[in-house]
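Just so it is clear, the values below take in all heavy atoms, side chains as well, and ignore hydrogens, waters and symmetry mates. All of these numbers come straight from a predicted model, not from anything done at the bench.
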Amino acid sequence: MPILATSQNDSLYSIMAFELKKLIFESPYQAKNFTDTSLSYLNEISKKNTTSNNIDRSVYLEKRAEQLKKDIGVDFTSGYQQNINLDPSSDLEENISYSGRVQLGVEWDLLNNGLLENRVRSQMISDRVNREKLQYNIAVNGEQYIYRFDQTLILFNQFKLELLNQRLIQIKKQYKIIQDLVLLRKSSKEELIKVEMELTETESLINLYESYAEYMQIEPSSFDISSQTIPLIDLDYTRIFELVGLQSDSLENSSEFKPYFSWYHQMSLKPYFRYNYYDILQGPNRGYFAGGINLSIPLNFSTQLNNEVEYEKWQYDNAQFIRDQSKLQEDVLNSAYDFRHHLKSFIEHYQKRKLISEKLRIEKARLKISDKYVDPITILKLDDDMLLEDLNLIEDLQNLYLKALKIHSKLNDVAINEIVKSVTPNDFIQFIEKKDRSIYVWSSTFDNYTSDFLNEYIIYNEINHVIVSVNKYEKTEEKWKLMKLLKETNDLYFML
């Protein structure tokens, strides 16, 4: 039932009606514009890192490969022998001519367990480094994404709390006025119960977001960004799938199997050089140098089997790698699809907000021109619907940012602005042709219409340029009032 339709002489009722009008016109909700195109927040949050609990196995492999490569197979050798309880006469007859011997020298393993095999082992380990780095980066990026996820969630929860606290203040004002109107039998109890439900819902959401922030124990964001100007984003899908393909192709091409072992790797070839010193039983002690080569050849060569063993291990690792890459591509594809879904939801809520805004404008215009059949409660409900749509838009934006960060976490060494671009809501409705409109307002027009009516007429017809006739002899109060209303939203001109 319209509140202003009856009992205008009732003083208490008039006060309540005045308070409702005051609530409508003095503190209207300012909708979010989403026109900022800066990607500074995403650039900053995508670089925020926390301490990782993962161990990079590739570091161990690199050091082990370097260790083997530096091991050229050269060893220092030494030996000492002391013959005990010798009898010089009888032992000489048994061909024992010295009581002690010292040997010092170097020995070089060239093949098996030596220089060439160490080079092969080093290469085998080096070929595993890229995959280990990829696995480590995926694990670390997953950890960093969780950290950035929490940071982003806290930031958007702050935005939601701003709106919810603003809504709570407005609903409490509504509740008090409607409560008085119910007592005056100028509004139904049903309206009061609806407002009570809205109060309960709002306070519950505020408690939820505040409890989450307290539980997470994350400091409030220091980023220079507000809910009023938070940018809308979209993905560069072509670039994303190009980067995923390049990442997979480069690693697959670098992991082509090559037989590591040759037949000579099972042979042992050891050149040596020694100094020998003998303590002779009868006669002067002797010392001399000696050199030679030790060669060992196995009776059964298993070169092919050794390569087959390594090939089977390579195939197993490669299959696991392909599974990981397929999973990564699937995750990116699913995240991109989810991103598109949330972007669609954002545009739908944005268009719905435009519809609510137009309904709100019409109702306010009717109230301004004292239409007695206008219900202020309806206007307040539309104003609240605008705020709720902005909450939905903030929720959609939160999901867009989280999906963008998730996709970024799947790509190695890529700046987020390579895969994300800034947009505005108007970029998605460019198919609508906007016409430039102008109007000339004669001085005589103000004799028949108020400035409020003219202002609403200009807004409704989407007129961009307004030319107002001005002369020094006329009464200009309504005219100046119109100019004040138009100066923020239209191009205003004067005609003398």
Side-chain angles (χ1 to χ4, degrees), residues 55-86 91-92 94-133 135-136 254-317:
I55 298 174
D56 188 357
R57 182 172 168 77
S58 68
V59 176
Y60 158 74
L61 293 177
E62 285 176 336
K63 292 186 179 298
R64 180 57 180 154
E66 183 182 3
Q67 184 184 45
L68 287 169
K69 194 171 183 179
K70 287 183 176 180
D71 184 359
I72 60 174
V74 176
D75 296 314
F76 174 78
T77 62
S78 63
Y80 173 76
Q81 179 180 326
Q82 179 66 49
N83 297 324
I84 301 173
N85 298 327
L86 288 177
D91 288 334
L92 279 174
E94 294 179 9
N95 210 22
I96 298 176
S97 60
Y98 58 90
S99 61
R101 180 182 69 180
V102 175
Q103 290 183 319
L104 302 172
V106 291
E107 186 176 68
W108 190 9
D109 288 336
L110 287 174
L111 300 178
N112 187 31
N113 295 323
L115 174 65
L116 296 184
E117 184 170 354
N118 287 343
R119 294 289 171 86
V120 168
R121 297 287 179 189
S122 175
Q123 186 60 50
M124 289 169 65
I125 293 173
S126 296
D127 289 345
R128 293 166 53 193
V129 167
N130 283 341
R131 289 184 184 179
E132 291 295 338
K133 280 185 177 178
Q135 297 299 327
Y136 173 74
S254 65
S255 63
E256 183 180 353
F257 180 78
K258 298 173 292 231
Y260 291 101
F261 296 106
S262 299
W263 59 271
Y264 52 80
H265 285 120
Q266 289 185 265
M267 298 172 58
S268 175
L269 182 64
K270 298 181 181 179
Y272 65 87
F273 182 78
R274 296 184 189 130
Y275 173 74
N276 300 278
Y277 181 82
Y278 290 87
D279 183 7
I280 304 300
L281 288 174
Q282 293 183 357
N285 295 337
R286 294 186 58 193
Y288 59 90
F289 290 97
I293 295 176
N294 291 323
L295 176 64
S296 175
I297 301 175
L299 296 177
N300 182 24
F301 282 87
S302 55
T303 304
Q304 183 177 353
L305 180 59
N306 291 340
N307 282 323
E308 287 175 355
V309 169
E310 291 301 324
Y311 177 69
E312 291 301 322
K313 185 177 185 305
W314 176 87
Q315 275 195 314
Y316 173 80
D317 292 341

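In this structure, the side chains of Leu269 and Trp108 stay at 4.5 Å or more apart for every pair of heavy atoms.
Taking CG of Asp279 as the reference point, atom CG of Asn285 lies at 4.5 Å (rounded to 0.5 Å). Between the OG1 atom in Thr77 and the CG atom in Leu104 there is a gap of 8.0 Å [rounded to 0.5 Å]. Here the straight-line distance linking atom CD of Gln103 with atom CZ of Arg274 works out to 5.5 Å at 0.5 Å rounding.
Ring-plane geometry between Tyr278 and Tyr288 is classed as parallel, the angle between the planes falling under 30 degrees on a 0 to 90 degree scale with a further cut at 60.
Of the options Lys63, Glu117, Arg119, Arg121, a side chain to side chain contact (heavy atoms under 4.5 Å, CB included) to Leu68 is made by Arg121 and by none of the others.
Residues Asn118 and Gly73 come closest through the heavy atom pair ND2-N, 4.5 Å.
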